[in-house]
Novice: 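Input: one structure, supplied below.
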Amino acid sequence: MTLHRSIPAAFLLLATALTGLTPFALAESVTVVSWGGSYARACEKAFHEPFTAETGIEIRLEDYNGGLAQIRAQVETGNVHWDVVDMEMADAVRGCDEGLLEPLDLGALAPGADGKPAEEDFYPGSLTECGVGTLFYSTIYAYNLERFPGNRPSTIADFFDLEKFPGRRGMRRTPQVNMEFALMADGVPLDQVYAALRTQEGLDRAFRKLDTIKDHIVWWEAGAQPPQMLADGEVTMSTAYNGRIFNAQVLENQPFVIVWDGQLLDTGQLVIVAGSPNLEAARKFFSFSTTVRSLVAVGRYISYSPARQSGTALISTHLETGVDMKPHMPTTPENAARGLQYDWEWWSDHIDEMNLRFIAWLLR
Amino acid sequence: MDSPQKVHVEFEGVSKSYDGRTVVVRDLDLAVYEGEFLTLLGPSGSGKTTCLMMLAGFQTPTSGTIRIGGRAVDDLPPRKRDIGVVFQNYALFPHMTVGENLSFPLEVRGMEPRQIRERVRGALELVRLEGLEGRRPGELSGGQQQRVAIARALVFEPALVLMDEPLGALDRRLREEMQYEVRRIQRRLGVTVVYVTHDQQEAMAMSDRVAVFQRGRIEQVAPPEALYEEPQREFVARFIGDNNLLRGKVVGVEGDFCRVEVGGQIVTAFRVVPCEVGDPVSVAIRPERVAVAPEPGLYGNEFDAGIDDITFLGDHLRLRMTVCDTPDFIAKIPNIVGHGAVLEGDRVRVGWTLTDGRVLEPDGPETGSK
Amino acid sequence: MRPAVLVLPLAAFIAVTFVAPLLVMLGRSVHDPMVADALPETLGLLRSWDGERTPPEAVFETMARELLKARREKSLGRIATRVNRVQAGLRSVLMKSVRRLRGAHPPDSWREAMIALDPKWGQTRTWHAIRRAGERFTLRHYLHALDLDQAPGGGIIRQPPDLRIYLPLLRRTLAVSLGITLLCLLLGYPIAYLIANAPPHRANLLLLLVLVPFWTSLLVRTTSWIVLLQTQGVINDLLAAVGLIADDQRISMIYNMTGTVVAMTHVLLPFMVLPLFSVMRTIPPLYMSAAASLGASFLQAFRRVYWPQTLPGVAAGSLLVFILAIGYYITPALVGGQSGQLISNMVAYHMQQSLNWGLAAALGGVLLGGVFLLYLVFNRLVGVDRMRLG
């Protein structure tokens with residue numbers, strides 16, 4: 001009977017379709033996971049499209065909002081479908097410890113623009129066991145100028161000052177960054193912020209400071225949300241990734257102002273997920289996207305600066321509007337001077353209990 | 001019931017229409033006397049239940065007035081009318097025990113618990129259900145539920161009790177027992193009862209007076225005997241008991257009697273309603289009053305008849321005949337002579353007295369009530 | 001064939017898709033062999049440790065060896081995470097120590113070398129924690145799920161106030177579920193009454209109106225609430241346009257408890273209306289007429305005659321809504337904001353984010369036990385056989 005033969009065949013077909021092992025894959029492809037919104041668009045323009053044009057490998061882009069949960073789930077169930085992920089430093093270090101990421105192959109990294117080997121060209125600390133630093137970005141806070149036409153916020157303390165600057169605040173729903181902001185706003189000097197976080201008193205102090213604005217906080221998760229919330233009037237000021245605010249300023253003419261005081265500077269990391277189904281293509285993409293050319297190109301679409309020393313000098317203008325990018329980069333000395341380097345090591349070790357503390361605080 | 005009677009309930013020109021087009025009750029006048037057992041009898045859809053519901057206050061008349069004890073009750077909600085109602089399916093509250101069901105009307109009246117207990121015991125005694133206070137309606141037989149429903153309608157001592165086909169769900173034997181029971185209770189308490197049924201035997205057995213309903217009108221209100229013996233209208237004659245109806249035209253009037261031409265023969269019959277020569281009328285003869293093969297000359301009306309069919313019914317025989325060109329003329333003869341005295345196809349003489357034939361108004365579109 | 005054979009496929013389906021995962025999950029709440037499998041020798045040595053002084057050199061040496069081996073096998077991160085769950089802060093001790101010890105020459109004394117790297121290695125608390133993390137079977141997750149912890153000495157203590165999460169959340173979940181149940185009852189009762197007593201064609205239409213949202217995707221419905229309730233949403237716009245509120249004083253109705261309650265009440269309403277409707281349909285309007293004829297006012301008739309007869313429906317609807325509300329996850333996650341989160345969101349957090357499946361399972365177990373208890377109480381009070389689910 002044909003029916004008897006066709007049923008198992010149909011199941012086989014279904015099974016292969018479900019597992020994605022389509023036997024008719026036409027082109028080589030690689031799944032790249034990034035942060036969505038204007039940042040992902042910048043990356044697409046800067047090096048995804050050139051990569052596909054050069055190699056013929058298709059890029060399937062997916063969005064995510066940080067953390068290791070999805071990668072853990074994929075690796076532990078043996079059903080990995082992400083290849084390359086653009087993640088936070090703390091997650092990259094932790095994911096590496098947990099064996100979720102492929103170890104870094106230094107030989108795959110192209111030398112600097114000045115010919116220096118890659119190990120020397122990347123800023124110190126941006127190369128980790130499994131990942132390589134790509135771009136400097138920072139978490140700042142921004143406000144809507146229309147809401148504060150007179151007296152304008154200028155310090156991180158102003159973010160917590162509801163009397164002088166009333167209105168709802170947007171903050172990312174994580175303990176990271178918010179704890180640092182709270183301590184800085186409470187008067188802890190920049191160089192003592194992480195020392196304070198290592199003590200119970202410091203933690204209590206941070207939460208007490210957050211308590212003062214708790215009822216006025218609107219939480220966000222995706223990086224694309226804060227500019228939207230500011231534009232909608234949902235909040236009067238919000239923490240945000242600096243590049244997102246910049247793009248809203250230059251591309252949408254939004255009256256947003258970035259406050260660099262208290263900015264938290266971090267490096268994005270590019271990693272390959274352990275057990276990546278398209279490892280060869282992933283490696284090719286990894287090498288391509290960490291070249292000086294690729295990293296500098298991103299800086300022509302969004303205000304993130306390359307993690308390579310030979311790239312810093314190449315920062316030029318915003319491609320579309322011609323705006324000089326230097327004053328908008330988080331690494332520009334006058335901006336960097338007022339900020340704090342994010343301590344990824346501390347966070348990668350303490351994120352679990354900090355998350356629980358943060359949730360407990362949210363519940364109070 | 002025969003001394004000067006006080007009117008308890010009065011319908012005056014009451015009409016009811018639910019949708020504004022179909023009239024369910026039209027221009028109805030009716031008086032119910034105190035202590036009377038009045039039955040509204042009629043086929044289903046004749047408006048009798050609607051009348052009862054208007055009286056209870058669940059329906060409002062479209063026009064006309066209902067008075068209870070002389071007082072117009074148009075604006076009185078049901079709960080203030082103080083009328084006991086026994087519903088078709090009893091409407092006993094299934095989640096309450098018998099005792100709670102009976103206490104309910106007393107409790108909402110704010111009566112004291114001791115008094116309530118006494119009244120409930122009294123009511124149960126009345127319907128002979130002592131000791132069943134703790135049962136739930138679902139645990140009782142149909143007859144017992146019926147008694148509880150009656151007790152509940154009486155326990156708060158209303159002067160007027162309405163019953164809507166209360167015995168319809170019972171089997172025949174139980175129904176007859178309950179007919180007697182209801183009558184007994186009504187006599188004992190002396191309450192006014194307005195009772196609705198479509199069962200004419202039940203109406204005859206229980207009522208002081210019966211109001212026969214048809215298509216929203218009352219055809220006739222009279223005591224059972226009068227309805228049976230002196231129906232005024234063809235509908236009543238047909239509806240109450242069996243009746244043979246011979247249709248014809250009045251050809252002569254002599255005192256209380258009319259001569260009516262039916263199928264070319266002359267029938268003489270008692271004049272119940274006024275009639276004049278030329279009027280189309282019906283002559284009604286009860287089947288049991290028809291004599292078969294009588295001694296010639298004994299009856300004022302004698303005709304030839306052909307027997308079409310004989311049904312043996314034990315204590316009597318039922319003959320279907322053609323008389324005066326009218327088929328389906330029924331005669332009931334007692335089973336004295338035995339089966340086989342007359343046979344199908346026989347031609348016999350039949351006869352009845354002058355007073356057993358009655359001249360009635362025939363049913364027509366323009367017939368009026370009263 | 002016996003009738004039992006007919007339900008065999010369903011029974012097998014339920015066994016595979018429901019009973020088995022449930023048992024596995026409950027198993028996970030008490031069983032976690034990860035650490036025990038990774039550090040067998042260290043844990044073996046710790047069994048004979050007196051627990052009062054720093055363990056001997058052999059323990060340190062074995063521990064270091066096994067940790068380094070775990071690192072090579074890429075399991076160190078997960079071991080550190082588990083130890084960290086017993087005592088916060090040990091993750092960094094483990095990770096840091098292994099990072100430093102790796103590649104270095106074996107020291108003369110592992111004990112001194114490790115204590116030099118981090119003084120916590122010298123504390124007995126640390127070793128107690130490692131020993132506890134190494135238990136294959138543990139009630140730790142259940143303790144944590146109830147905001148309790150094992151004291152280093154052995155007794156059971158409450159978590160410090162700034163780490164108490166689950167009991168307050170459980171209380172909140174119960175209160176919110178109760179509130180939603182009441183709201184559903186208040187809103188659903190009149191609707192059900194209307195439908196049950198309407199003429200058939202109108203009843204069908206009304207029932208359809210109740211069911212259409214039921215058939216609409218949960219996400220679509222929840223998103224519609226966002227559109228309606230957000231600060232710049234339809235309702236606020238309307239209120240501001242009418243002048244009831246100032247434009248900068250818009251009401252926060254979403255991303256907080258209000259949003260959760262509103263959206264969940266809407267989502268769960270059909271579960272209340274349907275059982276109520278099915279019960280009310282069987283109650284003839286005659287009873288209310290009968291009560292009125294007996295002299296009862298509408299309120300008396302409703303309270304004493306109608307309401308008691310609808311109790312089976314009220315009970316069924318309430319139980320259904322309450323149990324669904326207790327376990328509801330997607331709606332609070334979408335519109336709950338920070339203050340509108342419920343216990344199931346924590347289960348989801350531990351399932352998906354922290355990957356502490358043991359704790360997630362224990363929370364699930366606590367919830368399951370709670371619902372079961374509730375069911376028993378309910379059965380005692382109302383009687384499940386009297387319930388009508390529709």
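A, B, ... follow the sequence lines: proteins, then strands. Residue 1 opens every chain.
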Novice: Give a yes or no on this: more than 12 heavy atoms of other residues, nucleotides or ligands lie within 6.0 Å of atom CZ of R202(C).
Specialist: no
Novice: Is it the case that more than 12 heavy atoms not belonging to H198(B) sit under 6.0 Å from its NE2 atom?
Specialist: no
Novice: Tell me, out of P94(B), P158(B), P78(B), who's got the most heavy-atom pairs with chain C below 4.5 Å.
Specialist: P94(B)
Novice: Could you report the tightest heavy-atom contact between S293(C) and F58(B), atom names first, then the distance?
Specialist: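 Closest approach of S293(C) to F58(B): CB-CZ, 3.7 Å.
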Novice: Only heavy atoms, only distances under 4.5 angstrom. Which residues in residues 101-126 of chain B are near chain C?
Specialist: F104(B), P105(B), E107(B), V108(B), R109(B)
Novice: Using modelled atom types only, decide if a donor and an acceptor are shared between the side chain of H95(B) and the backbone of W307(C) within a distance under 3.5 Å.
Specialist: no
Novice: Less than 4.5 Å to any heavy atom of chain C: does that hold for the side chain of F93(B), its backbone, both, or neither?
Specialist: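 For F93(B), heavy atoms of backbone and side chain both lie under 4.5 Å from chain C.
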Novice: Going by heavy atoms in the side chains, are S297(C) and R79(B) under 4.5 Å from each other?
Specialist: yes
Novice: Given heavy-atom pairs under 4.5 angstrom as the criterion, report whether the side chain, backbone, both or neither of M96(B) touches chain C.
Specialist: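 Interface part for M96(B): side chain.
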Novice: Do any of residues 59-74 of chain B come closer than 4.5 Å to chain C, heavy atom to heavy atom, and if so which ones, in number order?
Specialist: none
